[in-house]
Structures are given as C-alpha cells and as structure tokens.
Amino acid sequence: MKAGTIIYQVALNVPLRRLFDYLPPENETPLLARGTRVLVPFGRQTLVGIIFGHSEKSAFSHDQLKAIRQVCDPAPLFPESLCTFIEKTAAYYHHPLGEVAFSGTPSLLREGKPCPSLPDDIAISTQASDIALNEQQQFALQAIHDAQHSFQPFLLEGVTGSGKTEIYLRAAQIASQKNQQILILVPEISLTPQTQQRFIERFGQAVICYHSRMTPKERFIAWLKVKEGHAVIVIGTRSSIFLPFTQLGLIVVDEEHDSSFKQQEGFRYSARDMAVLRAKLLSCPVVLGSATPAFETLYNAQSGKYQHLTLPLRATKVQLPTMTHLDVRHKKLEGGLSAQLIQRIEQHLKNEGQVLLFINRRGFAPTYLCYSCNWMAQCPRCDARLTYHQRKAALICHHCTYQSSVNQQCPDCQSEDLHPVGQGTEQLEAVLTKRFPEIAIARIDSDATRKKGSLEELLHKAHHKEVPLLIGTQMLAKGHHFPHLSLVAIVDADGGLFSVDFRAVERMAQLLIQVAGRAGRVHQAGEVVIQTCFPDHPLLKQIRSQNYPELAQSLLTERSHCQLPPFAHLALIRAHAMTPQLPEQLLAQIQQSLVHLKIEGVQILGPVPAPMHRRQGHYRYQLLIQAKERKPLHQVLSYSTSILEKSKLAKRVRWSLDVDPLEMF
DNA sequence: AGCACGCCGACT
DNA sequence: GTCGGCGTGCTC
Ligand SMILES: [Zn+2]
Ligand SMILES: [Zn+2]
C-alpha cells in the first residue's frame, strides 16, 4: 500500500455487518469528513453511502479498491454526534451499521437526491404561559432545569390531566432560550394537528413535525431544518430519534410505555431506549412521561437510574372515575353486551352523556363456525381463524392478505348451519344501531379509518360530542381525550388475563387505566364498567382500585421471581421459511454452537416454533436468549451473527434479531 | 439486499 | 433448443 493514500470507510444500505473501503474520488479533494454522503460503485450497481471513517490502510490491496464516484453534498450531511449515535445503536442491536444509518432518513436522501434549498430561518417566538404551575409541577420542572447539560433520565409519572404537557412546554422553553433544540417523541397515533398546534401557539414557526405520513419532499425539508437548526422544537414519531440534531438539549418521550416506540420489523429498535442512549451521549436530560409507565422504566426509577417525578393531582379539577365490573357468567348476552350494560348505556345517553365502548377486535366476529360439525373458517396460509366481516361480506385473515367469500355451506359436512361466533366492533355497531336507532354512532377502528383524514374527522366529531356513542379498538384508547365522555365500557376484559405472553397483563393494565382516564368530565365523575367472567381475578381487583403503582409493584414482584424482564434481559433470534425444516435446523445449529461456547450467565431456550407457527405461508421458529447481565447477552449475539453471516443454510432462511423483544410473535 | 452465474427440468 | 426456477457466491 502506497503511503499517504487515504482510504474511506463507507456505510451502505445493505444487510452486511461491515463498512466498505474506497479510494478518494478521481478529482482530488480535501479530506472528506465523517458524515459525508457519497455515491460509490458496488458490484454492478451504484449506491449511496455515508463516510464513517478513514484510514491509511485496508485489508484489501490497492487494485481491489474502487474509488468514490461522487461526493453528493458540499458539507457532511450527518453531524458527528449522529454518527456516533448510529454506531452505538448498531452495536446495541447487532444490526448492520449501514441499515441503521439510513433507517430514519428521508427516502430522497437515501436515493442520493440533492438537498432542496430551505426557506429563510424564522426566529423562535416564544409566547409566555399564563398557566400557574402547582407545587409538584414546579418541583418537576426545577429538577429537569437543574439537570440541563448533564445526563439525567427522568420518569415523569402523572395521570391524564395532571399537567405533564405543560411541563414539557416549560422545559422546552428553558432549553430553547439556551439555543438548544428539543425533541418530543410521541406515539404514532397522537401526532395530530392539534398536538402540533399546541406547540406552535407557544413557540411559533420553529416547531416542526416529523412522521411517516409526510410526503418525501416534506420529510427531506424537515430533516434539513433539524440539521441547520431552523427547527428548534421537533415533535415526531419513532424514527425522529435518528434526526440530525446539532444542538439537542432535551428529549421528551411522551406516553413512553406505548408499544409504537418499538419498531416491529426489520431493524427492531426502541426509540424510547435509544432516546436514553442519545441523551447519555450528549449529556442532556431525557424525560419519560406516562400515567402508566412501562415496568422497565419503573424498575429503572426504583433502582435510582432514573429520577422519579410524580404529579399526583389532576391539575384540572376532574374527579377520578368510578370503576365497577359486571359479572357476565351465565348471563344472556346480546352481541356480547349484557342487559345491565345496555341499561347503563341507555341511562348515560338519557342524561346527555357520551359513551365509549372499547373492544379490541375489529370486524363482526373473530370466528365463523359450523354448528353441526364444529368446522371453523381457517386461513390457508396462517395458523389463524378468519374474521367474519359483515359489511365486506368476506372472511378475512388479520395476519396476512388472504380473503375469501363467506361460505354458505360447510365444506366438511355440507350443513348450512354456519354462524359468526364472538364479537367485534362491527357487531357492536350493528347491535347498538338496532337498540338505539335515534343515536348517532361512530365506529373507530382501522377499517373505518382507512382513508386519509377520516380518523381526524371521526375524532373531531367525537371530541365535540356530535356522536354520543363511540365504539373503538386500541386506536381510541390511546389517541385522544374526549371532554364529554361519561361512560367507558370494556366489553371483554378476559383476553389479557390468561395469555401466554408474560407482558399481556402489563399491557392490559396500562390499557384499562388509560381508557379509564378518558372518562370523566369537568363537573361530573365518569364511570367505567368492565364486563368479565372472572370478577374475582386479583388483577381486575387491582385495576378497579386504579392504583397503578401498587398494581405494577405486585406484578414486578412476580417478574422477579421468574427472572423475567426487567430483572433479566432477553433477545430473540427469529427464523422463517416456506418449509419448517430449514429454520428449525438453522436455529438448532446456532443453539448447538452456543452450548459448546459455554458462556457464563446465559440461558439458551429453543429452538421452538413461534406462538403462531405458520404465518403468510412461512413456518416460524425462534431461539430465546436470556441473561441476567447485558455483557454475556452481547457475546452470544455477536457470536450468533458471525455464524449466521457465514452459514449457507442462513441464505435460504429469513432470519432476524430482536434485542429486548416486546412481543414473542 | 441485489445481481449474476450455472445447472437442470419442462415446455413451444 | 431455450426459458425460468433455485442454489450459490460476491459486493470494498
Ligand atoms: Zn360442518
Ligand atoms: Zn393469513
């Protein structure tokens, strides 16, 4: 190797866990800095890459190396702090660096398009707030203020209406006065124009949003505004954690328990966990806010890693709702609704109240059954039942794209005695329309809100009480606060009680408490009713007391006995293919080699079939790795990826890693 | 991943 | 004969 020649190490958007060495471009240029976007020849194609380093030497000889074809921008696109963050993230998740580097970027940037020019920078114009903070809010704000310029995570625990948002606004104001940027991460569902408006009212045009529903051009401009510092306050969903901040001084993760912060395919990162990492690298505070914190977060607060701030009061004077259950054992149900529940609904409607029925299942019925031989409509590509959709007159799989017409005759016994069994949102809508023909009803699920703008429209109507009766799934439980809501009914609470997934109970408790938080108006306490066949179940008893900290504490104790997260760390190696043999063999090979390694402090469990063995025609398996400490877990993952990258079998199997998995599916 | 190459069975 | 599916190998 000729002395003095510089070799650039370039990250490319390919699933390979290494950087690629390139010679400088033909036309002599000064040293290209880390973060520079370049075009490089790669095999027969030309790819966009980011320079992550340079060196005097390479493992490749000079004539094996190709030269950078083109430098895309006059200055580096990725700030140094973003480059280091990307490196740490890639290492944490054992994911290819190049894919991590491009994961949050606008598509136009990824395709090598030139940067559009930005409109003139508008100075931030802060509108002072006239809202007086209560004592707890003042204490919390002071604590965050005192932590500026140092790494300090906070858990800000407070129910709906306790004034968390006002603290975010004030803390953001303080940071912005120091010329710092502020990132506010929110769940996918709650990034509405109203959310944005609330911040714009306070901070003017220096507020921008970043989410997947923006056009490619809008995303590129927003990305560059963040890099140039024109964006002071950024409200964004998951991928915003990878924005190119240069002056980031505060990160807020609102509703930090929300599962949409974890990407569920491809590069499976948690934006909440990476927010803590990014704050650490930058030495700035990070605030995790929730009424129902994730158990991981509570654990970190209790162990002293995070500072625990509590807002015990509802800042606006709304009373806690009353919470009762309806024992529906041996009761005749009409479309899943007991007579008592229908009576409560009627009562509230009569009193000019607003009612929300919560059921976590869309469609008409989850099962389509033959009464004479027990045949059930099954998806031919998945181990799942088909859902009966009345309006579309179809049987639809909720796990793949399979659809079929509704059988009029049983394929097994030719009987015509076929019936939908169980309830979904569509059925509740039908039953209630029949029962309350005069009342306007809105069904809010992903079927009813498929086209753009329809969710906003429905939420707006619901908010202003144009619709007295609401039926909804998860969607409705999270998004929005309805000021006129007086009754919330959980139609079926029993699904979460007996799940194989150890997190199901946590999720259900969070959901029920969040839903309950929606009930109650300014002058009148709300009512929450839970239909169940297990009224004596200890979890339901605790939920009824609405004491989340206490409930979480007892569930955490159970987790500690079983050495489950947050008392141990998990990782999953998933594999799937058209035949069951390949993925099982592959994982068995890895398991074998790991056993021989004899790494202390880890358990390797499996390979086992995934809870839904077959999905979209693929047979799925997983290998679970469990460890008390992170270090051995990392060793296992490093070793596993090195095998997988070399293995021939792995080429014929789709495999992926999931560090800190949320769902075992 | 994306692309090319080579091999083998099965169709106009 | 040649079209196309899959298995294999490689990308600085
Ligand atoms: Zn039958
Ligand atoms: Zn299916």
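Predicted model, so just to flag it, every value in this text is computed and none were measured. Naming convention: chains lettered A, B, ... in sequence-line order (proteins, then strands); numbering from 1 in each chain.
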Kindly give the atom pairs (protein nitrogen or oxygen, nucleotide nitrogen or oxygen) under 3.5 Å for nucleotides 10-12 of chain C.
{"unit_1": "dC10(C)", "atom_1": "N4", "unit_2": "Lys651(A)", "atom_2": "NZ", "d": "2.9"}
{"unit_1": "dT11(C)", "atom_1": "O3'", "unit_2": "Gly43(A)", "atom_2": "N", "d": "3.0"}
{"unit_1": "dC12(C)", "atom_1": "OP1", "unit_2": "Tyr22(A)", "atom_2": "OH", "d": "3.2"}
{"unit_1": "dC12(C)", "atom_1": "OP1", "unit_2": "Pro41(A)", "atom_2": "O", "d": "3.2"}
{"unit_1": "dC12(C)", "atom_1": "OP2", "unit_2": "Gly43(A)", "atom_2": "N", "d": "3.1"}
{"unit_1": "dC12(C)", "atom_1": "OP2", "unit_2": "Lys66(A)", "atom_2": "NZ", "d": "2.2"}
{"unit_1": "dC12(C)", "atom_1": "O3'", "unit_2": "Asp21(A)", "atom_2": "O", "d": "2.5"}
{"unit_1": "dC12(C)", "atom_1": "O3'", "unit_2": "Lys66(A)", "atom_2": "N", "d": "3.1"}
{"unit_1": "dC12(C)", "atom_1": "O2", "unit_2": "Asp21(A)", "atom_2": "N", "d": "2.7"}

note = Asp412(A) meets the salt bridge (charged side-chain N to carboxylate O under 4.0 Å, His left out) criterion, sequence neighbours left out, with none
key: Ring centroid separation Tyr269(A) to Tyr93(A) under 6.0 Å   = no
message = Under the rule for salt bridge (charged side-chain N to carboxylate O under 4.0 Å, His left out), what residues qualify as partners of Arg213(A), not counting sequence neighbours?
response = Glu456(A)
key: Partner set under salt bridge (charged side-chain N to carboxylate O under 4.0 Å, His left out) for Arg630(A), not counting sequence neighbours   = Asp660(A)
For residues 99-109 of chain A, tabulate all N or O donor-acceptor pairs below 3.5 Å that involve a side-chain atom, not counting sequence neighbours.
{"unit_1": "Glu99(A)", "atom_1": "OE1", "unit_2": "His95(A)", "atom_2": "NE2", "d": "2.8"}
{"unit_1": "Ser103(A)", "atom_1": "OG", "unit_2": "Val100(A)", "atom_2": "O", "d": "2.9"}
{"unit_1": "Thr105(A)", "atom_1": "OG1", "unit_2": "Phe102(A)", "atom_2": "O", "d": "2.8"}
{"unit_1": "Thr105(A)", "atom_1": "OG1", "unit_2": "Arg110(A)", "atom_2": "NE", "d": "3.4"}

note = Hits for salt bridge (charged side-chain N to carboxylate O under 4.0 Å, His left out) against Asp658(A), two or more places apart or cross-chain, chain-then-number order -> Lys262(A), Arg268(A), Arg574(A)
request  = Identify, with sequence neighbours excluded, every residue that meets side chain to side chain donor-acceptor pair (under 3.5 Å) alongside Gln591(A).
outcome  = none
ask   = Along DNA chain B, 5' to 3', what are the outermost nucleotides having an atom less than 4.0 Å from a heavy atom of chain A?
value = dA1(B) to dA4(B)
request  = List for me each residue that meets side chain to side chain donor-acceptor pair (under 3.5 Å) alongside Asp501(A), sequence neighbours excluded, and say none if there are none.
outcome  = Arg507(A)
remark   = note: Arg654(A), atom CZ; dG7(C), atom P; distance rounded to Å ~ 15 Å
